[in-house]
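Encoded as structure tokens, the structure appears first; notes follow it.
Naming convention: chains lettered A, B, ... in sequence-line order (proteins, then strands); numbering from 1 in each chain. Quantities reported herein were computed from a predicted structural model and do not represent experimental measurements. The analysis underlying the following values was restricted to heavy atoms, covering all of them including side chains, and did not include hydrogens, waters or symmetry mates.
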There are 2 protein chains.
Amino acid sequence: MKEPSAFRAVRKTVSLSDQVTDELRSMVTSGDLEVGELLPSESTLAKNLGVSRTVVREAVSRLKVDGLLSSQQGRGVFVVSTRPDRGFSMRGHDAQSIEHVLRMVELRMGFEVEAAAFAAQRRTRHDLTMMRDAQSSFQEAVASGDIQAGVDADMAFHRAVCTATDNELYLEFFNYLSSYLKETILVSRRKAATRVDGGQAPIAEHQTLIDAIADQDVDAARTAARYHIECNMHRLKTYYGVMKT
Amino acid sequence: MKEPSAFRAVRKTVSLSDQVTDELRSMVTSGDLEVGELLPSESTLAKNLGVSRTVVREAVSRLKVDGLLSSQQGRGVFVVSTRPDRGFSMRGHDAQSIEHVLRMVELRMGFEVEAAAFAAQRRTRHDLTMMRDAQSSFQEAVASGDIQAGVDADMAFHRAVCTATDNELYLEFFNYLSSYLKETILVSRRKAATRVDGGQAPIAEHQTLIDAIADQDVDAARTAARYHIECNMHRLKTYYGVMKT
DNA sequence: TTTATATTCTTATCATACAAGATACACGCC
DNA sequence: GGCGTGTATCTTGTATGATAAGAATATAAA
């Protein structure tokens, strides 16, 4: 039982940059500084904090990535947000095990069922066209056995649903989730391709959802979306079970 | 019609650090490098890319924040993830207008309805205790008129529901959302405090949800959660309407 | 073989210098 | 006085070289 990482974890090295980053972050998030305000110059900060300008620049650089600060050559460093928003990330929840995958799909479930409901309420004709186009591509891909195209079409369909919600947060969240979902869908499609029907089931499920959204039937849309995701979960369980056992 | 930003937009300054960051990012995400692999040393990269070590360090620093790289003094720079995961962020969607707030609550809707469903399936006795404790705190806060305590108890309740899902992604996502939700809840509680009943409605809605989760009644949990959020949306609309008009 | 030491990698930090963008102010012109 | 222009002087961005300190490896000693 090797545990190298356990020993690595002991290295509680807090670098100067780490400290200065925390210092600056609390300066920004504490509310002492207004949004849009100019920070002291890097040289001044370095002198005040008793470190070199290198360390200050390192810290500022990190907070720029975090979206708290912004710098302009010749002007200085500005506060763009006082909210310690590090974002929502699923790092570490990669599709290593079926458990991880299912947790991800469960999160998808919640959000996609309601996306379908909002889509049913607000969809435009253009939204419907996008969904049907994706559906056609999906059918063609399954017919021709093009797995990658199938994945793309599948994602395009769900993206179209999210677009139809008229709430960009749904779309943005889907775009984020999709980077993780992509590989699970790929697993599904690959396995589906080995079946006699070539994996036609998702197409039918999508069609039910499209019809509900077209009819602006909110409840039917929720039901169809939930059913589709539940089928996906079931398929994934089967496929992963086959693979790992 | 002033358009200073139009002129600002001309400044298409792409700094060297930006370029090298993109270069390194694509090196990492393209799959040429394995996770755990060691990158060439900063000096080597600097020489190969034709820039100073300063620029390379800046780029590496950014990718460390993004979670793609990790560095250890004396060892080198490692690849910790090949996924370009910048996280899901709602920066820019602050609660400035009622429209922004509603979009946020809509996203919350999707995810919290299903959280209630999973909670109903998987809640432990301890989970129920946490919910009921939060509920008690909520009641006390409303009775005593302590607005801040009311907000905290409200959030604690929903956090307890997410914990009961036994899916840490739900909890993590709630924790992220909550930083934005907090202020909208605060608005609600502040307004509620001016009503004759002191804003008792959410308490009753929470109780319905608790009962459903206790009974492990999945459908009732969904209904209760949806009703609660819809009431919240309605209340927010009223309050913001009053405020802004 | 094991242990201690030296060497040589690496990143982290510092100091300095210069380039380039941006601002403010004084100068000279109308 | 009013106005454009150059310039001094801020700022951040980049380069360079040196040093500190951690980590791996080769080397020598026990």
Side-chain angles (χ1 to χ4, degrees), chain A residues 2-24 27-28 33 36-80, chain B residues 4-24 27-28 33 36-80:
Chain A
K2 61 178 171 65
E3 280 291 335
S5 55
F7 288 92
R8 293 252 182 251
V10 177
R11 292 189 337 101
K12 205 57 182 177
T13 303
V14 177
S15 70
L16 270 178
S17 302
D18 293 337
Q19 300 174 40
V20 172
T21 302
D22 289 342
E23 183 69 26
L24 279 185
M27 275 178 64
V28 172
L33 296 169
E37 198 169 346
L38 209 57
L39 257 64
S41 75
E42 293 175 349
S43 315
T44 310
L45 283 173
K47 196 158 53 183
N48 291 351
L49 296 171
V51 296
S52 73
R53 202 185 140 206
T54 307
V55 173
V56 173
R57 278 187 64 79
E58 170 87 17
V60 169
S61 164
R62 296 183 192 177
L63 297 181
K64 284 198 287 186
V65 176
D66 271 0
L68 292 180
L69 298 180
S70 165
S71 62
Q72 275 184 41
Q73 187 174 174
R75 310 223 342 182
V77 178
F78 300 86
V79 178
V80 294
Chain B
S5 55
F7 288 92
R8 291 248 183 245
V10 177
R11 293 186 335 99
K12 203 57 180 177
T13 303
V14 176
S15 69
L16 272 178
S17 302
D18 293 337
Q19 300 175 42
V20 172
T21 302
D22 289 342
E23 183 67 27
L24 278 186
M27 274 177 64
V28 172
L33 296 169
E37 198 170 346
L38 209 55
L39 258 66
S41 75
E42 293 174 349
S43 315
T44 309
L45 282 173
K47 196 159 52 184
N48 291 352
L49 295 170
V51 297
S52 73
R53 203 185 138 209
T54 308
V55 174
V56 173
R57 278 188 63 79
E58 170 87 17
V60 169
S61 162
R62 295 183 191 176
L63 297 182
K64 285 198 286 185
V65 177
D66 271 1
L68 293 179
L69 298 180
S70 166
S71 63
Q72 277 182 42
Q73 187 174 174
R75 307 232 304 162
V77 179
F78 300 86
V79 178
V80 291

*Please name all residues satisfying side chain to side chain donor-acceptor pair (under 3.5 Å) with B/S41, sequence neighbours left out, ordered by chain then number.*
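Here the qualifying residues are B/T44.
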Taking side-chain contact (heavy atoms from CB on, under 4.5 Å) as the test, write out the residues that go with [X], two or more places apart.
{"X": "A/L38", "result": "A/F78"}
{"X": "B/L69", "result": "B/V28, B/L39, B/V60, B/L63, B/K64, B/V77, B/V79"}
{"X": "B/E37", "result": "B/L33, B/E34"}
{"X": "B/S70", "result": "B/V80"}

_Counting only side-chain heavy atoms from C-beta out, which of C/dA19, D/dA15, D/dG22 sits nearest to B/L16?_
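The closest nucleotide is D/dA15.
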*Nearest of C/dT13, C/dT11, D/dT14 to any side-chain atom of B/S41?*
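So the side chain of B/S41 is nearest to C/dT11.
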*Of the residues in residues 50-71 of chain A, which ones touch DNA chain D at a heavy-atom distance under 4.0 Å?*
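Those residues whose heavy atoms fall under 4.0 Å from DNA chain D, taken from residues 50-71 of chain A in numerical order, are A/R53, A/R57, A/K64, A/S71.
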*What pairs with B/D18 under salt bridge (Lys or Arg N to Asp or Glu O under 4.0 Å), at least two apart in sequence or on another chain?*
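With neighbours one apart ignored, the set is B/R62.
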*asked:* Over the length of the helix from C/dT1-D/dA30 to C/dC30-D/dG1, how much do the five-pair end axes diverge, rounded to 10 degrees?
replied: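 The helix from C/dT1-D/dA30 to C/dC30-D/dG1 shows an end-to-end axis angle of 20°.
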Between the protein and nucleotides 6-8 of chain D, list the N/O to N/O atom pairs that are separated by less than 3.5 angstrom.
none

*asked:* Applying salt bridge (Lys or Arg N to Asp or Glu O under 4.0 Å) as the test, list every pair that has at least one member in residues 47-56 of chain A; sequence neighbours left out.
replied: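 Passing the test, one end in residues 47-56 of chain A: A/E42-A/R53.
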Tabulated below should be each protein N or O lying under 3.5 Å from an N or O of nucleotides 3-6 of chain C; please produce it.
none

